[in-house]
Amino acid sequence: MSVALTKGGNVSLNRQAPGVRSVRVCLGWTAGPGYDLDASALLCGASGKVLTDQHFVFFNNLQSPDGAVRHLGADGGGGEGEDRERIEVRLADVSADVQKVVFAVAIYDAAQRRQAFGQVRGAYVRLTDADGGAEVARYDVTPETGSETAMVFGELYRNGADWKFRAIGQGYASGLAGIATDFGVDVLQPAPAAPSAPVSAPAPLPPMPAAAPAAGVPAVPKTQPATGSSPVTCFFDPTHGVGSAVVLWQPQWGVPRQVETCAACAQRVQTTVPPFYTPPQAGYPQQQVQPHVPAQQQDQGGRRFGTGAMLGAGAAGLVGGMLLNEALSDDEPRVVVNNYYEDDDDSFF
């Protein structure tokens, strides 16, 4: 009987499927037109990083160097609840250096198409016995924010002589490049910029047709969110490079809005409690006006004048006006004492 896993849960293959020699990791989802999702597997050592770039199994490198992990491609389905892609793992043939096999799914060209897992429904990963077809475990993947463009669904890992499967559900706003960075894959890193050609240099020849990748060496995949193809740089700092990920940014002042950022800034935004994602941004007016204070009570430096100060200024103006009126008047001045006028009649006192 299959085990229904929740995020972080695991199952022992020795207990749940004794004697299993080969398993298939079946991944499924339902997405609208224009969505292209790709599954991949990363064979990691004790450090948690891939042993080599050839240990990254995806659509341009369908088999690991030891032949134990094979990408079987699309399952031919696509309907609601049907497997979309499958990856087979022959457990006994996995190299002893491999401590875990991580299974991820990424949306192709997500940043340019402004797509995310928030529009992907019914994502899941299930583990089956490759020989008998029986389902061993299943995990229904739920994005945490909806802005993820790639997700780690689960992993197979060694536990002594046993193998276990764990449900992960970790999202990345930076796409497959973010997963590659975390697991040490260099094939997805941006190529260094070519030096500018001298003015006198002749025009380059047309490029030759791309050759097929050498056996066992993955070519650069079709998902290249960080190669500089986008003209938009990182919203938070243009020196970070290309804005390869679209995230929802909530500034300290103002309303949330979508921005394009580099992979590192995207991860920072997703892991920082709002609204203090960044310091105040240059170019955005962020002076906070005090509530309930008329504009005439504020000077350009942001200072306020209290009610007492305003009344004092008004009284001073009134007294000054009275004195000036007396000075300019031809009449004999009258002495004011405690707001009473002094008369010649002594009976007042």
Side-chain angles (χ1 to χ4, degrees), residues 4-9 26-40 58-59 74 77-85 102-126 138-155 167-182 188 221-226 229-230 232 234-236 242-251 254-278:
L5 297 175
T6 58
K7 185 174 182 176
C26 306
L27 307 107
W29 55 82
T30 301
Y35 274 73
D36 183 6
L37 281 71
D38 302 300
S40 58
F58 65 115
F59 54 80
E80 191 81 25
E82 295 183 359
D83 298 337
R84 301 299 294 265
E85 294 192 6
V102 179
F103 303 96
V105 175
I107 302 175
Y108 169 62
D109 207 17
Q112 286 72 21
R113 299 180 182 183
R114 299 188 179 276
Q115 298 173 347
F117 268 91
Q119 290 76 47
V120 177
R121 307 185 313 277
Y124 67 86
V125 57
R126 62 190 194 97
R138 178 188 175 101
Y139 168 50
D140 292 317
V141 185
T142 304
E144 293 183 347
T145 67
S147 61
E148 300 91 341
T149 55
M151 293 192 70
V152 173
F153 280 26
E155 66 180 14
I168 301 294
Q170 173 65 50
Y172 289 77
S174 48
L176 190 58
I179 294 178
T181 299
D182 271 8
L188 292 182
K222 60 183 178 182
T223 304
Q224 303 182 66
S229 59
S230 171
V232 180
C234 178
F235 170 79
F236 298 112
V242 176
S244 59
V246 178
V247 295
L248 184 66
W249 173 65
Q250 180 173 323
V255 298
R257 62 183 184 273
Q258 283 193 332
V259 297
E260 297 185 23
T261 73
C262 65
C265 287
Q267 283 297 107
R268 179 166 55 85
V269 167
Q270 285 214 312
T271 56
T272 305
V273 177
F276 303 106
Y277 288 151
T278 67

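What you see is a predicted model, and the numbers here were worked out from it, not measured in a lab.
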* How many angstroms lie between atom CZ of Arg84 and atom OG1 of Thr30, to the nearest 0.5 angstrom? -> 7.0 Å
* Taking every non-hydrogen atom, the tightest pair across Glu148 and Thr145 -> OE2-N, 3.1 Å
* For Tyr139, what residues pass the side chain to side chain donor-acceptor pair (under 3.5 Å) criterion, not counting sequence neighbours? -> none
* Structure fact -> Interatomic distance, OH@Tyr172 vs CG@Asp182, rounded to 0.5 Å, equals 3.5 Å
* From Ile107 atom CD1 to Leu176 atom CG, the distance as rounded to the nearest 0.5 Å -> 11.5 Å
* Taking C-beta and beyond as the side chain, do Arg114 and Glu260 meet within less than 4.5 Å on heavy atoms? -> yes
* To do: State, to 0.1 Å, how close Glu155 and Val102 come at their nearest heavy-atom pair, and which atoms those are.
  => OE1-CG2, 3.9 Å
* Arg113: side chain to side chain donor-acceptor pair (under 3.5 Å) partners, not counting sequence neighbours -> none
* Heavy-atom closest pair, residues Ile168 and Gly154 -> CG1-CA, 3.6 Å
* Residues that Val105 engages under side chain to side chain contact (heavy atoms under 4.5 Å, CB included), provided they are two or more places apart -> Leu27, Trp29, Leu37, Ala39, Phe117, Phe153
* Using modelled atom types only, decide if a donor and an acceptor are shared between the side chain of Gln119 and the backbone of Tyr35 within a distance under 3.5 Å. => no
* To do: Could you go through the side chain to side chain contact (heavy atoms under 4.5 Å, CB included) check for Asp36 and Asp109 one step at a time?
  => CA-CA 8 Å; Asp36 183 6; Asp109 207 17; over 6 Å; no
* Asked: Thr142: what forms a side chain to side chain contact (heavy atoms under 4.5 Å, CB included) with it, not counting sequence neighbours?
  -> none
* Between Thr261 and Ala266, is there a donor-acceptor pair closer than 3.5 Å when you use the side chain of the first and the backbone of the second? -> yes
* To do: Measure across Cys262 and Cys234 and return the closest heavy-atom pair with its distance rounded to 0.1 Å.
  => N-SG, 3.3 Å
* Identify the heavy atoms of Met151 and Val141 that sit nearest to each other, and give their distance. => CE-CG1, 3.6 Å
* **Shortest non-hydrogen separation from Gly178 to Ser174 and the atoms involved** => CA-OG, 3.2 Å
* Asked: Taking atom OH of Tyr124 and atom SG of Cys26, what is their separation to the nearest 0.5 Å?
  -> 7.0 Å
